[in-house]
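Some notes on the structure that comes next.
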Amino acid sequence: MGYKLVHVKGNTYYLDGAAKIGIIKNTENPFLSIVVDTGLDDDSGRRLLKTMQENGMGVGAIINTHSHADHCGGNDIIKSRTGSIIYAPPFEKGIIEYPELEPFYLYSAYPLKELDTKFLKAKGTKVDYILENGELNINGVVIDVVPLYGHTPGMVGIATADKVLFAGDSFFSKDILEKHGLPYFTGIGESVSTLESLKHMGYDYYVPSHGEALTEPGDTLDANIEVLRDAVGYIADICSRALDREEIVANMVERYSIRQNITQYYLTVSTVSAFLSHMTKEGMLTTVFEDYKLKFVRK
Ligand SMILES: [Zn+2]
């Protein structure tokens with residue numbers, strides 16, 4: 001079964017999957033249209049190709065907003081069936097080409113076998129072109145590459161000539177924030193800057209990968225900023241006494257009612273680590289060795 005094709009504006013569409021897939025139709029040659037992200041796996045790729053075909057389009061170029069498996073897992077089958085060119089930002093390129101880096105960096109060594117899953121490790125594909133920020137012409141279709149760092153170090157958004165921004169995972173809908181409590185971030189200062197900058201970009205539509213397309217994203221962006229501020233405040237509170245990272249993770253899991261399994265645990269460790277480096281850099285926390293443990297304490 002294919003995806004539902006949703007028209008946003010002009011030549012801009014998306015496929016309504018677990019992670020939205022952006023479509024920018026090439027009106028001169030619809031078989032050279034652009035897809036923004038490709039879903040999780042071969043099945044996502046097949047569904048994407050089927051839906052495109054049913055609507056008189058093909059894939060000339062794949063743009064990956066970032067390297068998470070649910071955004072680049074369909075690359076392999078689409079590229080092998082269409083010969084499309086893959087574009088990705090630097091940093092993300094490394095992980096798209098060597099996807100074993102993702103479970104490796106989450107775990108920080110050869111990972112536990114539970115982390116060897118398609119949700120954390122897509123099929124690797126060669127990236128043909130590194131995206132630079134700013135305007136780019138792909139087979140006659142002009143797009144704008146917009147830096148949206150924070151969720152991952154190199155994530156970008158893709159703006160179309162119809163003033164639609166495919167915003168990747170730079171922000172999440174309020175529903176998802178409520179359901180998941182604490183989304184995944186690798187850079188806290190970077191995420192806040194990105195969320196603030198998104199308020200003033202002036203696009204007609206903002207399409208996050210997880211959540212509804214929005215014309216007025218202000219409230220949703222504020223809700224995302226509030227989650228980050230709340231977590232900073234909470235960590236500052238509990239670190240009135242020195243705590244190691246394990247204890248801070250446990251506190252966060254309880255506060256945000258985070259599901260407990262091996263994958264989710266390492267994603268939470270990563271996000272908590274992002275808060276700890278950010279708050280240490282900002283002078284809110286300092287590090288101390290106590291009882292042979294590295295601990296963080298409020299300054
Ligand atoms: Zn992501």
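Every number for a ligand or one of its atoms is a count from 1 in the order of the listing.
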- [ ] Take the angle between the ring planes of Tyr129 and Tyr87 and call it parallel below 30°, perpendicular above 60°, tilted in between.
- [x] parallel
- [ ] Give a yes/no verdict on a cation-pi contact between Lys163 and Tyr203, requiring under 6.0 Å between NZ or CZ and the six-membered ring centre and an angle within 45° of the axis.
- [x] no
TODO: Mark yes or no: Arg255 above the aromatic ring of Tyr234, with NZ or CZ under 6.0 Å from the six-membered ring centre and no more than 45 degrees from the axis.
DONE: yes
Open item on the list: Holding to salt bridge (charged side-chain N to carboxylate O under 4.0 Å, His left out), I want the full list of residues that pass it with Glu97, two or more places apart in sequence or in another chain.
Closed with: Lys93
Task: Carboxylate-amine/guanidinium proximity below 4.0 Å for Glu290 and Lys293 - done: no
Task: Protein N/O/S count near the Zn ion (ligand 1) (criterion: distance under 2.8 Å) - done: 4
Task: Met57 and Phe31, any side-chain heavy atoms less than 4.5 Å apart - done: no
